[in-house]
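Below, all heavy atoms of this structure are taken into account, side chains as well, without hydrogens, waters or symmetry copies. All ligand and atom numbering here is 1-based and tracks the order in the structure.
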Amino acid sequence: MTEASLPFNERYYPSIAKFSNGEIRKQESEKALKNPQEYWAEKAKAIDWYKPFSKALDDSNPPFYKWFPDGELNICYNAIDRHIKGPRKNKLAYIWEGEMGEVKTYTYYQLYREVNKLAKALKNLGVQKGDRVAVFLPVIPELPITLLATARIGGIHTVVFSGFSAEALADRVNDCGAKVLVTADGSFRRGKPVAIKDNADRAAPIMPNIEKVLVVKRTGQPVQMKEGRDIWYHEALANAGANVYVEPESMKSTDPLFILYTSGTTGKPKGVQHGIGGYLVWAYWTLKWAFNPTDEDIYWCVADIGWITGHTYNVYAPLSHGMTAFLFEGTPDYPGQDRWWQMIETHGVTILYGTPTAVRMFMKFGEALVLKHDLSSLRILGSVGEPINPEAWKWYYRVIGKERLPIIDTWWQTETGGFMISPASGIELTPLKPGSATLPLPSVNVDIFDEKGQSVPQGTKGVLVIKSPWPGMLQQIWKDPERFKQTYFGRWPGIYFSGDYAVRDPDGYFWLLGRSDEVLKVAGHRIGTVELESALVSHPAVSEAAVMGKEDAVKGEVPVAFVVLRSGFTPSDELRAELIKLVRTAIGPIATPDAVVFVNKMPKTRSGKIMRRLLKAVLTGAPLGDTSTIEDEGSIEDIKATYAELQKQIGSK
Ligand code: PRX
């Protein structure tokens with residue numbers, strides 16, 4: 001926050017923004033909030049509709065808002081078909097680079113051919129409008145192709161990040177009731193093949209709905225193909241026919257497009273459901289506002305398509321603009337720590353949409369590796385997934401951006417469908433401040449509330465809320481409208497609760513301050529502590545578990561587990577390793593605890609709730625604050641002692 005108190009003219013980044021006072025942006029926002037119907041009816045003209053809508057928004061049953069309710073369209077048509085009718089037919093839609101350095105390209109026309117073949121193959125497997133197709137693939141071209149083919153025939157896709165465990169895959173597939181799964185034999189990681197199909201096979205016996213599994217041959221490693229269920233993707237495509245055409249289904253704007261599971265504070269991950277029309281219009285305009293795309297851009301969003309960022313900004317938004325997007329399968333530091341910079345130079349990337357975790361990692365590697373490469377093709381840098389600390393921001397700006405490129409720090413969530421708070425180079429680039437996502441985009445009616453639901457004054461921390469609907473908002477939680485209402489609109493009716501802390505500075509800029517709830521952001525990945533805790537207590541030795549985030553110089557935060565053992569069990573390094581393994585099996589490597597701390601007793605409130613605030617204080621070494629509600633302060637001393645012991649152990653390794 002120190003940057004916020006600098007004199008205004010010392011905060012100008014980059015120099016081009018010095019001349020902007022934000023007036024154009026302000027006018028656009030006012031227009032959008034004053035008359036959303038008119039504003040969005042006009043904006044939606046950027047999309048091709050099969051059947052025009054008569055009104056932009058039906059808000060008769062909040063919070064179940066309907067965007068462009070009687071309009072009909074097909075998102076795959078908007079992403080591909082409309083371009084092949086014009087000058088972009090032979091323009092590159094995707095440039096893909098694999099882990100091993102191999103490159104594949106797809107023009108819009110080639111993408112059209114592949115998508116049609118797969119659409120036909122999916123139809124041959126019995127996929128019909130409204131059916132769910134689960135996708136468990138690494139970042140290979142078949143991943144966006146599967147999403148587009150599914151959407152073309154009116155299916156609903158649900159992508160499960162390929163690093164998730166068999167159990168996590170099965171949970172998601174069962175919740176949405178998918179009948180087809182598209183996966184791959186494996187993927188390359190650090191130059192070695194890693195298995196993916198194995199996980200799908202382990203999940204298969206507990207996924208009763210799955211009838212057919214399409215398997216992409218990526219690595220060529222041996223896999224078991226189950227007769228009658230498993231089909232090679234390339235064979236299914238060959239059977240579909242080379243030049244097949246599948247008519248895109250005319251879909252209602254409000255039909256679901258995809259379900260994407262994300263973590264919350266209670267229970268299992270929630271199936272966030274996005275619709276077609278509102279989502280596409282939001283994806284299109286937010287990309288335009290933030291990055292101002294041109295036909296010359298080579299745009300690289302580094303996110304895996306297993307997350308929302310990849311869905312919106314690697315598939316639907318760039319393709320609906322007819323952009324050339326770059327996709328990368330692999331590891332950012334393999335075979336060299338300059339892999340990113342080398343690829344940017346090779347492919348002439350112009351827009352790099354990266355993450356704070358990656359920036360911090362590259363800072364550690366040192367700037368000499370960056371300076372080896374010509375990065376002059378870059379014109380814009382982006383950031384997403386977690387707050388970017390001013391130090392990382394400045395390094396990104398200075399070393400990668402050479403003090404001439406704007407940093408577009410985009411705040412948003414799986415639920416919001418697209419950017420919400422962000423600098424807007426496509427409207428007007430206002431001065432930037434290192435660490436602030438700046439201002440809300442048009443139609444985003446944000447505020448910051450205190451516990452009582454009162455708007456807080458400037459400079460006071462509170463929770464970020466959104467007070468009006470926007471086209472990209474989630475429709476509901478899959479098959480659980482009540483949970484949707486409770487989770488997001490339960491605290492203050494009519495007000496969307498984001499779960500993030502924020503503060504507004506004297507210029508009206510927003511500073512995002514991390515989650516206000518029990519959700520962690522580990523290297524930008526969203527993980528609910530509740531999921532780790534339920535994995536841990538499923539072990540016979542564990543009676544209670546509490547997971548907290550601990551600050552980490554690269555990943556932002558990492559999970560630390562406090563565990564109370566059942567009587568008869570004693571702490572040991574073996575048990576610790578077993579518990580860590582258990583979490584990896586239940587969720588996946590991204591959730592691996594950084595440490596497991598055995599404690600004799602959890603600090604509890606009089607009503608029996610675990611005092612997370614105290615555990616957190618123990619972790620950070622911060623003063624404990626008000627301890628009057630603790631039943632037995634002795635247990636904190638226990639925790640402190642055990643933690644000190646653990647730190648010693650870690651230090652000696
Ligand atoms: O805490 C915020 C953080 O990521 C959360 C949303 O995570 P997820 O649904 O996985 O979506 C990630 C990609 C949009 C938010 O509640 N977050 C995301 N972007 C930022 C951020 N925090 C601060 N600044 C950001 N730019």
- [ ] Taking the six-membered ring of Tyr501 (Phe, Tyr or Trp), confirm whether the NZ or CZ of Arg515 is under 6.0 Å from its centre and within 45° of its axis.
- [x] no

Open item on the list: Starting from atom 2 (C) of ligand 1, what is the nearest protein heavy atom, named by residue and atom, and what distance separates them?
Closed with: Asp500 OD2, 2.8 Å

Open item on the list: At less than 4.0 angstrom from any non-hydrogen atom of Lys521, what atoms of ligand 1 do you find?
Closed with: 3 (C), 4 (O), 5 (C), 6 (C), 7 (O), 8 (P), 10 (O), 12 (C)

Open item on the list: Could you measure the distance from the SG atom of Cys301 to the CG atom of Asn314? Nearest 0.5 Å is fine.
Closed with: 4.0 Å

TODO: Please check if any side-chain donor atom of Ser320 sits under 3.5 Å from a side-chain acceptor atom of Asn78, or the reverse.
DONE: no

Task: Shortest protein heavy-atom distance from atom 23 (C) of ligand 1, along with the residue and atom involved - done: Pro387 N, 3.1 Å

Task: Element-labelled atoms of ligand 1 that are located less than 4.0 Å from some non-hydrogen atom of Arg526 - done: 6 (C), 7 (O), 8 (P), 9 (O), 10 (O)

TODO: Report the part of Glu386 (side chain from C-beta onward, or backbone N, CA, C, O) that has a heavy atom under 4.0 Å from ligand 1; answer both or neither where that applies.
DONE: backbone

Task: Under-4.0 Å heavy-atom contact with ligand 1, by part of Thr416 that carries it - done: neither

- [ ] Name the closest protein heavy atom to atom 11 (O) of ligand 1, giving the residue it belongs to and the distance to 0.1 Å.
- [x] Thr414 N, 3.6 Å

Open item on the list: Give me the atom names and distance for the closest heavy-atom approach of Trp282 to Pro471.
Closed with: CE3-CD, 3.7 Å

- [ ] Kindly confirm or rule out an N or O of Leu512 lying under 3.5 angstrom from an N or O of ligand 1.
- [x] no

Open item on the list: Taking a cutoff of less than 4.0 Å between a non-hydrogen atom of the residue and any ligand atom, is Trp307 in contact with ligand 1?
Closed with: no

Open item on the list: Just to check, does Ala437 reach to within less than 4.0 Å of ligand 1 when the distance is taken from its heavy atoms?
Closed with: no

Open item on the list: Looking at Lys616, is its backbone amide N or carbonyl O close enough to the side chain of Thr620 to form a donor-acceptor pair, meaning the two atoms are under 3.5 Å apart?
Closed with: yes

- [ ] Could you see which bit of Thr309 sits under 4.0 Å from ligand 1, with heavy atoms only: side chain, backbone, both or neither?
- [x] side chain

TODO: May I ask you to decide if the ring planes of His311 and Phe258 are parallel, tilted or perpendicular, using 30° and 60° as cut-offs?
DONE: tilted

